[in-house]
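Presented below is the structure to which this report refers.
Chain A is the first sequence line, chain B the second, and so forth, proteins listed ahead of strands; every chain is numbered from 1.
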Amino acid sequence: MHIPDGYLSPQTYVPAYAVMLAAWAAASAHLRRTLRQRQVPLLALGAAFSFVIMMFNVPLPGGSGHAVGAVLVAILLGPWAAVLAVSLALIVQALVFGDGGITAIGANCLTMAVVMPFTGWWTYRLLAGPAAPGSRRHLLAGAAAGYVGLNAGALATGLLFGIQPLLAHDAAGHPLYCPFGLEIAVPTMLGSHLLVFGFVEAVATGLALAFLQRTAPGTVPAEASPSLWQRAGYALLVLAVFSPLGLLVPMWLRGGTAWGEWGLDELSVPVPAGLRHLADSWHAPLPDYSAPAQTALVSQLGWYVASAFLGSALLVGAVLLLRRWLTRKEASDDRAARVDVPLGR
Amino acid sequence: MTALPAWMSPSDADLPALPVPRGRPATRRALGALLQVMAVLVDDAPARRRGLLQAIDPRVKLPALLGLVVLATLVHGLPALLACYALGVLLALLSAVPPGRLWGAWLAPPLLSALIVLPAALNVVTPGPALLPLGHGWTITAPGAFLVGRFALRAAACMMPALLLVATTRPARLFGALRALGVPATFVLMLAMMERYLAVLARGAEEIHLAKLSRSILPGTLRQEQAWVAAGIGALYRRTQALGATVTLAMISRGYTGDPRLPDDSHLGWRDGVFVAGVVVIGVMILLLEQRLHMLSLT
């Protein structure tokens, strides 16, 4: 899953660095609240641990493979600590061992230090629920989290590879970087991880948690059951992942599309000139929840999921901003009231 | 006189032939990877050699070589990419980097990258005039071959400066140089500590694997082997926790208050200035070459 230099376009690796800068800042801010500055050595050692985990080979029928360990680190240290620990491990791998590109550090950290630990950790919390640490449900949740987390990381890597032909191509339309589109890159990345490496991660995560629960019961932190907001977040995540069903089911049932949903050309009645003029006034950046000139079904499904995540993120962000503005306004009104009332009396 | 127990009788001692595991066992493979990590961490001989890049301050070398990697991702013409690659080879020769260590940068990246994108050379992925017919309607097309060649050359041109940086700089100095790029001191401190204790944990993992090898006559069942690997990871985590607590206490006892203090590096010399100027001039020349060839192709 380590992306080397030269595989990604600057249009991809620069935004990936920007996203990671925000993620590192958020992780540092979060850890500053929960960890003391003096615990920096613990985090550095955690990073070294996440590096060495990758050296352990897990036997499988017919061969073996190494685990990434990001989900295990997220469960043991928390997802924000995992963001920093796995990022440090990936940076050392790139700078000291030449494993993974330097320009691709942002992209590699995004897939393996953000997507993987957070997806795995959410899966773990969702499945483990309020069950006692060390219970069978907890351990199965750990294994499932490892499997889901690794495959989410592989999907993200496949998406990064797959969007290269769309983002950067020459005048003849030939890709300048990774030449395989979403319809090849995503199934290739997901295939090997869904069938083989996901099980390596599941075995390593689940059994390591079982060992730690058996030998050092306090090591695996017990989590409180998720709050209402967290449950809503999980539900949103699941809905986003399954959003392509909205595309596949009508196709399967030969139901066609909603009348006039996608454009004026679907209308069989004469369209007034004013309406036609208005229809051309705005061109959406992702028309029909897909990239322009994408016809392959796999690409459409990928863009459907990406659109679901993007749309949800924009809406949640807008609501959070609105809430922040309203609560700030409320607080300033309260302060004004506290000052005004005594003066009025 | 006591008779021999039944299990020691010659008939029972004729054990069936031991099953020989096929392939390289996971334990030995992991041990090999750990030894490689240890070798890279311990071996700083290339960084000690007398050469061009070794004489350059890492605070200058890091941004300059990083700039060359970025340059190789920005240019698209074969001559410009070839110039980037040649510059990397020249720097490697001037820095007396052992060819054995760098062969991975000279040949492996282009070959591996070409192998990965080889299907893109086929007419089913990249249509165009046929270059090499393969039969059954499959051909390697001219634009496909060009695409694969450009991709492989770009990968090689990008990886060369990155591997030169790794080969000619000691990790501790490299992390210190990250401060020059504006990386926060706490982050640099964590990187430096991680690199230092990586050797300790890698050694711990090596001991775990060696202990397993020395105590095993036969490989266990798949389930047993998987449980052993997980136990090894768990044991290493417990060791990490204990080591982390010890290191924290040791640092506090030596006056660590939470504010990282990194050693001040020496002043930059004239060599560093000349090196940066040279890299900038060559980089601009490569960009101009790219632009010029692009204009010519348009006319």
Notebook entry, point to check: If you count heavy-atom pairs under 4.5 Å with chain B, which of A:Gly181, A:Ala85, A:Ala47 comes out on top?
Noted result: A:Ala47

Margin query: Looking only at heavy atoms and a cut-off of under 4.5 Å, which of A:Val92, A:Val200, A:Thr103 has the most pairs with chain B?
Written below: A:Val92

[options]: which one forms the most heavy-atom pairs within less than 4.5 Å of chain A?
options                                : value
B:Met193, B:Glu195, B:Gln226, B:Glu225 : B:Gln226
B:Gly144, B:Pro143, B:Gly128, B:Ala227 : B:Pro143
B:Phe175, B:Tyr197, B:Trp228, B:Phe151 : B:Phe151
B:Ile208, B:Leu198, B:Val229           : B:Leu198
B:Ile116, B:Leu62, B:Val125, B:Thr126  : B:Ile116
B:Ala30, B:Ala245, B:Gly204            : B:Ala30

Check: Is A:Tyr177 reaching over with its side chain to a backbone N or O of B:Thr73, donor-acceptor style, under 3.5 angstrom?
Finding: yes

Notebook entry, point to check: Quick check: does any side chain N or O of B:Arg154 sit under 3.5 Å from a backbone N or O of A:Leu176, one acting as donor and the other as acceptor?
Noted result: yes

Proximity breakdown for [X] and chain B, heavy-atom pairs closer than 4.5 Å:
X        : result
A:Thr215 : both
A:Leu76  : both
A:Ala94  : backbone

Proximity breakdown for [X] and chain A, heavy-atom pairs closer than 4.5 Å:
X        : value
B:Ala120 : both
B:Leu34  : both
B:Leu236 : both

Which heavy atom in [X] sits nearest to a heavy atom in [Y], and how many Å separate them?
X        : Y        : value
A:Asp5   : B:Met159 : O-CE, 4.0 Å
B:Ala230 : A:Leu207 : CB-CB, 3.0 Å
A:Pro175 : B:Arg150 : O-NH2, 3.2 Å
A:Val52  : B:Ala202 : CG2-N, 4.0 Å

At what distance, to the nearest 0.5 angstrom, does [atom1] of [X] lie from [atom2] of [Y]?
X        : Y        : atom1 : atom2 : answer
A:Ile102 : B:Leu65  : CD1   : CG    : 8.0 Å
B:Ser113 : A:Tyr7   : OG    : OH    : 3.0 Å
A:Ser50  : B:Met194 : OG    : CE    : 6.0 Å
B:Leu66  : A:Leu95  : CG    : CG    : 9.0 Å
B:His76  : A:His169 : NE2   : NE2   : 11.0 Å
B:Ile233 : A:Ile53  : CD1   : CD1   : 6.0 Å

Next item on the list: Compute the centroid of each ring, for B:His209 and then for A:Phe56, and state whether the two points are separated by less than 6.0 Å.
Entry: yes

Note to self: If you take the centroid of each ring, where Trp contributes its six-membered ring, are A:Phe49 and B:Tyr237 closer together than 6.0 Å?
What the structure shows: yes

